[in-house]
Amino acid sequence: GVGRVDVSLSQEIPAQVPFVLEFSWKSLGGEEIVHSTSILIQAAPSREWSVNNSGSENLSVYPGDEIAINLSGINLGNAPDTLTLEPFLFVQHIGSDDTVWSALPSTSGIVEINQSTNGSVTVHVPDEAWQGTEATVMILHTSNGYALGHTNVTLTVEQTSGWKLNLTDAQLEIDPAGQNMTLKLEHLGNGFEVPYFSKATAGWNITLPDDHSEMSPYGTDTLVVFVKPPSDAVAGEVGMISIRISDDNLAGLVIEEVP
C-alpha cells in the first residue's frame, strides 16, 4: 500500500541545506520484522522581505529634477536572497502636457538572513513638465521573479517661472518719428501666466502694453512695443531699451535689453 507522511519543519531550519530523514516500519505480526529507509530532504526557500520607505509618500518636484526614492529592506526569509525595486509610473497630466516620465530600477546584492539592504529608484522629471501634473510611482518589491509587495510615492510638479525676448527676425531699425517694434515673447515657465511689462531704465521712450493675454506653459507670443528715438538721435546711432518682464506676482523677473 501507499502511505502519506506530513513533515513539519522548524522555522529555524535554513533553506537549501540537505539533511537525512529516516523512516522505520515494524510489522504488526512481530516487532522483530523491521524495515528502514532514509531520504535526503531540504527546506524550500521562503522569500520574505520587510521593505520601508524612509522618506515622504508625497514629494514636490520641478522640471528636470532627478528624484531618488530610498527604500530599506530586511531579509526575513530562510535563505540568502536579493531584493529588486521595480518602478511603474502612472502619470496624470495637466492640460496638454504630454511629457514622458522615466524611472530606473535597482537590485541589491546577496543579503543574508535577517540582514538589511538599502536601495533606491531614480525618477526623471521631464524638462517641460507642467505645473500640477502628478506621477504616482508604484515600486514593486520582487525577489527572483516573485512579487512580494509594493510602495507608492506621489510626485507633484510645482511652478517654475521665466521669460525671454527672442530678437530673431525682429526689425530693429526705428523711424525717427517712432514706430511699433514686434518682438517674440517666450514663456519659460511651466504654468499658465499673464506677463507683466515695465520699462527698466532710462533711455529711449517706449510704450508697453497695459495688459497681455494669459500664456500657456512654454508658449510663445508677440510683444508689440512703440519706440520713439530722442529728437537729437543721429541716423545709425544704436540706442538701448530695457524691458522688465515677470509674472503678475513678480516671479521669474528678468530684464531684457534690446539694441
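Residue numbers run from 1 in the order of the sequence given.
Annotation: the span from Asn114 atom CG to Leu76 atom CG amounts to 6.5 Å, rounded to 0.5 Å. Atom OG1 of Thr82 is separated from atom CD1 of Ile110 by 5.5 Å, given to the nearest 0.5 angstrom. The CG atom of Asn205 sits 5.5 Å away from atom NZ of Lys199, with the distance rounded to the nearest 0.5 Å. To the nearest 0.5 angstrom, Leu155 atom CG is 9.5 Å from Asp65 atom CG. Atoms OG1 and CD1, on Thr142 and Ile139 in that order, are 12.0 Å from each other to the nearest 0.5 Å. Going from atom OG1 of Thr117 over to atom CG of Asn75 covers 10.0 Å, rounded to the nearest 0.5 Å.
The two residues Ser143 and Leu148 come nearest to each other via the heavy atoms CB-CD1, 3.8 Å. Minimum interatomic distance between Ser213 and Asp221 (heavy atoms only, all atoms of both residues): OG-OD2, 3.9 Å. Counting all heavy atoms, side chain and backbone alike, Ile255 lies closest to Ala200 at CG2-CB, 3.8 Å. In terms of heavy atoms, Pro63 sits closest to Val125 at CA-CG1, 3.9 Å. Nearest heavy-atom pair, Pro195 versus Leu185, reported as atom, atom and distance to 0.1 Å: CG-CD2, 4.1 Å. Closest of all the heavy-atom pairs between Glu257 and Leu167 is O-CD1, 4.3 Å.
Linking Ile, Leu, Val, Met, Phe, Trp and Tyr residues whenever their side-chain heavy atoms come within less than 4.5 Å leaves Val157 and Phe192 in two separate clusters. Taking hydrophobic clusters as Ile, Leu, Val, Met, Phe, Trp and Tyr residues chained together by side-chain heavy-atom distances below 4.5 Å, Val121 does not share a cluster with Leu140. The same ILVMFWY cluster, assembled from side-chain heavy atoms under 4.5 Å apart, contains both Tyr146 and Trp49. Val194 and Leu223 fall into different hydrophobic clusters, where Ile, Leu, Val, Met, Phe, Trp and Tyr side chains are chained together by heavy-atom contacts under 4.5 Å. By the rule that hydrophobic residues join a cluster once side-chain heavy atoms approach within less than 4.5 Å of another member, Leu71 and Ile74 end up as members of separate clusters.
Counting heavy atoms from C-beta outward, Phe226 and Ile206 have side chains that stay 4.5 Å or more apart. At a threshold of 4.5 Å between non-hydrogen side-chain atoms, the residues Asn58 and Thr154 count as touching. Between Leu208 and Ile243, the closest side-chain pair of non-hydrogen atoms falls below 4.5 Å. Residues Val123 and Pro87 form no side-chain contact, since every pair of their non-hydrogen atoms from C-beta on lies 4.5 Å or further apart.
With a 6.0 Å radius and a threshold of 12 heavy atoms from other residues, nucleotides or ligands, Lys164 has its NZ atom at or below the threshold. Shown here is Asp169, whose CG atom has no more than 12 heavy atoms of other residues, nucleotides or ligands within 6.0 Å.
For Ser108, the side-chain hydrogen bond (donor to acceptor under 3.5 Å, both in side chains) test picks out no residue, with sequence neighbours left out. His212 meets the ring pair (Phe, Tyr, Trp, His ring centres under 6.0 Å) test with Phe197; sequence neighbours excluded. By the side-chain hydrogen bond (donor to acceptor under 3.5 Å, both in side chains) test, Glu158 is found to be paired with Ser60, residues two or more places apart in sequence or in another chain being considered.
Screening residues 108-132 for salt bridge (charged side-chain N to carboxylate O under 4.0 Å, His left out), with sequence neighbours left out, gives no hits. The list of side chain to side chain donor-acceptor pair (under 3.5 Å) pairs with a residue in residues 172-197, not counting sequence neighbours, reads Gln159-Glu193, Thr160-Asn190, Asn166-Glu186.
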Give every donor-acceptor pair under 3.5 Å between a side-chain atom in residues 88-106 and any protein atom, sequence neighbours left out.
from, atom 1, to, atom 2, distance (Å)
His93, NE2, Thr99, O, 2.9
Asp97, OD1, Thr99, N, 3.0
Asp97, OD1, Thr99, OG1, 2.8
Asp97, OD2, Trp130, N, 3.0
Asp97, OD2, Thr133, OG1, 2.8
Ser106, OG, Ser120, O, 3.0

Step by step, work out the side-chain contact (heavy atoms from CB on, under 4.5 Å) result for Leu165 and Val258.
-> CA-CA 9 Å; Leu165 289 179; Val258 181; 4.1 Å; yes

side-chain contact (heavy atoms from CB on, under 4.5 Å) assessment of Thr122 paired with Glu66 = CA-CA 7 Å; Thr122 302; Glu66 295 282 343; 3.5 Å; yes

